[in-house]
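Shown next, in structure tokens, is the structure this report addresses.
The chain is numbered in sequence order, starting from 1.
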Amino acid sequence: MRTLSSILAAVALVAAAAGPALSQNAGQIAQVRRGASCPGCNLFQGDFSGLEARGLNLGRARLRQADLSLSVMNRTRFTNADLRDVEAYGGVFSSSDFSGADLTNASFVGAYLQGSSFAGANLTGVNFSGAQLVGATGLSQARLNAACGDEATTLPPGLRIPHC
């Protein structure tokens, strides 16, 4: 009985410690909404739609399932960030750094990404339909083959993207 109590107590401690890491941090989300950098922050499911904040550092941040629609975030650092399932419809991210970021299943439909860096970024399932990627770096044909776009998607010369 004592062993079972010890195991249950240990499980409760692990669950309590893991809980906050999985949920969003409202204070950190508010900080970014005010235009402040927040590297390594937990911005899970944050609503940043329409945000105008340039030059932020959101490296290593957890932005999974966040809404970046119609935001203007030029020159923002998203290096090694978790951007899985992000909705960034119509966002403006020119000269932003997505190096090493996980963009799995993100939607950048109609986004402006001119001059942005994607070196080492995971592009699996990314929808770039209508996106402007002219001058973007770190893209390769093999990596773009894991993403999709349409006839309105503009890419650096010599690259193409499968249709969604």
Side-chain angles (χ1 to χ4, degrees), residues 21 24-25 28-164:
Q24 63 182 210
N25 185 311
Q28 292 173 342
I29 290 171
Q31 176 182 335
V32 173
R33 291 226 28 102
R34 288 190 302 271
S37 290
C38 200
C41 287
N42 189 354
L43 308 172
F44 177 67
Q45 294 181 335
D47 182 3
F48 304 104
S49 58
L51 176 68
E52 290 190 33
R54 293 160 183 85
L56 296 180
N57 180 359
L58 300 176
R60 299 176 334 281
R62 183 174 188 237
L63 287 136
R64 186 172 187 183
Q65 297 176 0
D67 186 356
L68 304 174
S69 298
L70 303 174
S71 62
V72 178
M73 299 177 83
N74 297 327
R75 296 178 313 281
T76 295
R77 282 182 279 168
F78 295 102
T79 52
N80 300 306
D82 179 357
L83 292 152
R84 291 175 292 166
D85 305 305
V86 158
E87 177 57 60
Y89 170 82
V92 179
F93 304 96
S94 64
S95 300
S96 289
D97 190 353
F98 295 94
S99 298
D102 187 349
L103 300 167
T104 302
N105 297 324
S107 176
F108 284 93
V109 174
Y112 189 80
L113 297 151
Q114 186 168 2
S116 291
S117 174
F118 293 92
N122 183 348
L123 303 180
T124 303
V126 176
N127 186 341
F128 285 122
S129 294
Q132 303 294 316
L133 290 151
V134 173
T137 60
L139 297 173
S140 69
Q141 190 58 58
R143 291 179 54 241
L144 282 175
N145 287 342
C148 70
D150 62 9
E151 59 282 343
T153 304
T154 59
L155 297 166
L159 296 174
R160 57 189 194 291
I161 194 164
H163 280 208
C164 293

Compare every heavy atom of [Y] with every heavy atom of [X], then report the nearest pair and how far apart it is.
X	Y	value
Leu155	Ile161	CD1-N, 3.7 Å
Ile29	Asn42	CG1-O, 4.5 Å
Cys148	His163	CB-C, 4.1 Å
Ala106	Leu83	CB-O, 3.8 Å
Leu159	Leu139	CD1-CB, 3.9 Å
Gly135	Pro156	N-CG, 4.4 Å

Side-chain donor-acceptor contacts of residues 108-122 below 3.5 Å, not counting sequence neighbours, with atom names and distances?
{"unit_1": "Tyr112", "atom_1": "OH", "unit_2": "Gln114", "atom_2": "OE1", "d": "2.2"}
{"unit_1": "Ser116", "atom_1": "OG", "unit_2": "Phe93", "atom_2": "O", "d": "2.6"}
{"unit_1": "Ser116", "atom_1": "OG", "unit_2": "Ser96", "atom_2": "N", "d": "3.1"}
{"unit_1": "Ser116", "atom_1": "OG", "unit_2": "Ser96", "atom_2": "O", "d": "3.4"}
{"unit_1": "Ser116", "atom_1": "OG", "unit_2": "Leu113", "atom_2": "O", "d": "3.2"}
{"unit_1": "Ser117", "atom_1": "OG", "unit_2": "Ser99", "atom_2": "OG", "d": "3.1"}
{"unit_1": "Asn122", "atom_1": "OD1", "unit_2": "Thr124", "atom_2": "N", "d": "2.9"}
{"unit_1": "Asn122", "atom_1": "OD1", "unit_2": "Thr124", "atom_2": "OG1", "d": "2.7"}
{"unit_1": "Asn122", "atom_1": "ND2", "unit_2": "Thr104", "atom_2": "OG1", "d": "3.2"}

**Report entry** Exercise: do Ser95 and Asn74 side chains pair donor with acceptor under 3.5 Å
**Finding:**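 Asn74 and Ser95 do not have a side-chain donor-acceptor pair below 3.5 Å.
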About how many Å separate [atom2] of [Y] and [atom1] of [X], when rounded to the nearest 0.5 Å?
X	Y	atom1	atom2	answer
Arg143	Asn145	CZ	CG	11.5 Å
Cys38	Arg33	SG	CZ	14.0 Å
Phe78	Leu103	CZ	CG	9.5 Å
Leu51	Met73	CG	CE	5.5 Å
Gln65	Gln24	CD	CD	10.5 Å

Requested in this report: Check the pair Leu133, Thr153 against side chain to side chain contact (heavy atoms under 4.5 Å, CB included), reporting the backbone distance first and the verdict last.
Outcome: CA-CA 7 Å; Leu133 290 151; Thr153 304; 4.3 Å; yes
Query - Test side-chain contact (heavy atoms from CB on, under 4.5 Å) applied to Leu70 - qualifying residues, sequence neighbours left out - result: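 Testing Leu70 for side-chain contact (heavy atoms from CB on, under 4.5 Å), a comparison that skips the adjacent residues, returns Tyr89.
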Query raised in the report: Only one of Thr79, Val32, Asp97 forms a side chain to side chain contact (heavy atoms under 4.5 Å, CB included) with Leu58, so which one is it?
Result: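 Among Thr79, Val32, Asp97, the one meeting side chain to side chain contact (heavy atoms under 4.5 Å, CB included) with Leu58 is Val32.
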Query raised in the report: Do other residues, nucleotides or ligands put more than 12 heavy atoms under 6.0 Å from Arg160 CZ?
Result: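 Counting other residues, nucleotides and ligands, CZ of Arg160 stays at 12 neighbours or fewer.
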Report summary line: Contacts satisfying salt bridge (Lys or Arg N to Asp or Glu O under 4.0 Å) that involve residues 78-87 (not counting sequence neighbours) are Arg64-Asp85, Asp82-Arg84, Arg84-Asp102
**Report entry** Any donor-acceptor pair under 3.5 Å from Gln31 side chain to Ala36 backbone
**Finding:** no
